[in-house]
Amino acid sequence: MQNIEQVFLYMKDEITSVASKERQAILEEVKKLEEQADQQMKEEAKRDADLQMSQELAEISSTASAEISESHSERTKKLIEKRDEYVNNVFTQAKDKLVEFTKSADYSDFLIEKVKKAATYGLENSVMYVREADLALKDKLVAAYGKDITVQTSEDITIGGFIIENKADKLVINESLDSALEGQKDWFYKNSGLIIK
């Protein structure tokens, strides 16, 4: 009987030991699964946070880029307006000086010398266009040209000078002060250092 009791005790101890080991293994497995689930939840939360942060950063960057671009455009627009105002002021003053020159005694000599130089091209049967005020110099201009030429007024010439047109040869000599002033604008823009980038 004692043997049976010992066997039962031994079996009970063995069952308890095995059950305890199984219980411990199950607890360790549960703990491991909990840690994995916890780690997985942390990684998913980190991925979600990283994704949300990168989306917000992209949105902030896009907004900042748009604001910078708008600010740059606005600044460029203001610079262009200021430059154009400056250039217009310079050329208004230059035009005023040219108009003053056309009222001086030197202007008629200047005009006649320019006509003599234009005559060296040998264009006959041409038309010389001048401003209304210069029609008073018509006889002197025809004499200076020395060839067959007709003198007429042109609304294209407001400051002074002349344009000679030869339709037969399809040639134009533009010695108008209006054209000379306009031509200086390109030179001025290239050489004034007022280029806006």
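As the structure is a computational prediction, the values presented were derived from the model and not from experiment. Computed from heavy atoms alone, side chains included, the values below leave out hydrogens, waters and symmetry copies.
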task = Begin from the C-alpha positions of M128 and T150 and carry the test side-chain contact (heavy atoms from CB on, under 4.5 Å) through to its verdict.
result = CA-CA 6 Å; M128 178 186 299; T150 305; over 6 Å; no
Can you list the residues that meet the salt bridge (Lys or Arg N to Asp or Glu O under 4.0 Å) rule with [X], with sequence neighbours excluded?
X    : answer
E132 : none
K140 : none
K138 : none
E113 : K116

query = Among pairs that include at least one residue of residues 97-142, which meet ring pair (Phe, Tyr, Trp, His ring centres under 6.0 Å), considering only residues two or more places apart or in two chains?
reply =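 Found F101-Y107, F101-F110.
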query = Could you walk me through whether L141 and L111 pass the side-chain contact (heavy atoms from CB on, under 4.5 Å) check?
reply = CA-CA 8 Å; L141 297 174; L111 200 57; 3.9 Å; yes
Once you round to the nearest 0.5 Å, how far does [atom1] of [X] lie from [atom2] of [Y]?
X    : Y    : atom1 : atom2 : result
S104 : D109 : OG    : CG    : 9.0 Å
K117 : K114 : NZ    : NZ    : 5.5 Å
E81  : N88  : CD    : CG    : 12.0 Å
S126 : L171 : OG    : CG    : 8.5 Å

request  = Decide whether S176 and N174 meet the rule of one side-chain donor and one side-chain acceptor closer than 3.5 Å.
outcome  = yes
inquiry  = Under a plain distance cut-off of 3.5 Å, with no hydrogens placed, do E85 and N89 share a side-chain donor-acceptor pair?
reply    =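 Their side chains do not contain a donor-acceptor pair, so the 3.5 Å distance test is not met.
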Heavy-atom closest contact ([X] atom, [Y] atom, distance):
X    : Y    : value
T102 : I159 : CG2-O, 3.3 Å
A119 : A144 : CB-O, 4.4 Å
V130 : D134 : CB-CB, 3.9 Å

query = Does a side-chain N-to-carboxylate-O contact under 4.0 Å join K147 and E124?
reply =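 Result for this pair is no, no salt bridge flagged.
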message = Taking the basic N atoms (NZ, or NE/NH1/NH2) and the acidic carboxylate oxygens, is any pair closer than 4.0 Å for K97 and E100?
response = no
request  = Could you check Y145 against I164 for side-chain contact (heavy atoms from CB on, under 4.5 Å), going step by step and ending with a plain yes or no?
outcome  = CA-CA 11 Å; Y145 194 70; I164 295 176; 3.6 Å; yes
With hydrophobic residues grouped by side-chain heavy-atom distances under 4.5 Å, do [X] and [Y] end up in a single group?
X    : Y    : value
I157 : I173 : no
L98  : I112 : yes
V172 : V151 : no
F162 : V142 : yes

inquiry  = Would N166 and K170 count as a side-chain contact (heavy atoms from CB on, under 4.5 Å) here? Give the steps.
reply    = CA-CA 6 Å; N166 183 287; K170 297 181 182 163; over 6 Å; no
ask   = Do K95 and L181 touch side chain to side chain, with heavy atoms closer than 4.5 Å?
value =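 K95 reaches L181 side chain to side chain.
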inquiry  = Run the side-chain contact (heavy atoms from CB on, under 4.5 Å) test against D156 and tell me which residues pass, sequence neighbours left out.
reply    = S154
key: K77 NZ: over 12 foreign heavy atoms closer than 6.0 Å   =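 It does not: K77 NZ has 12 such atoms or fewer within range.
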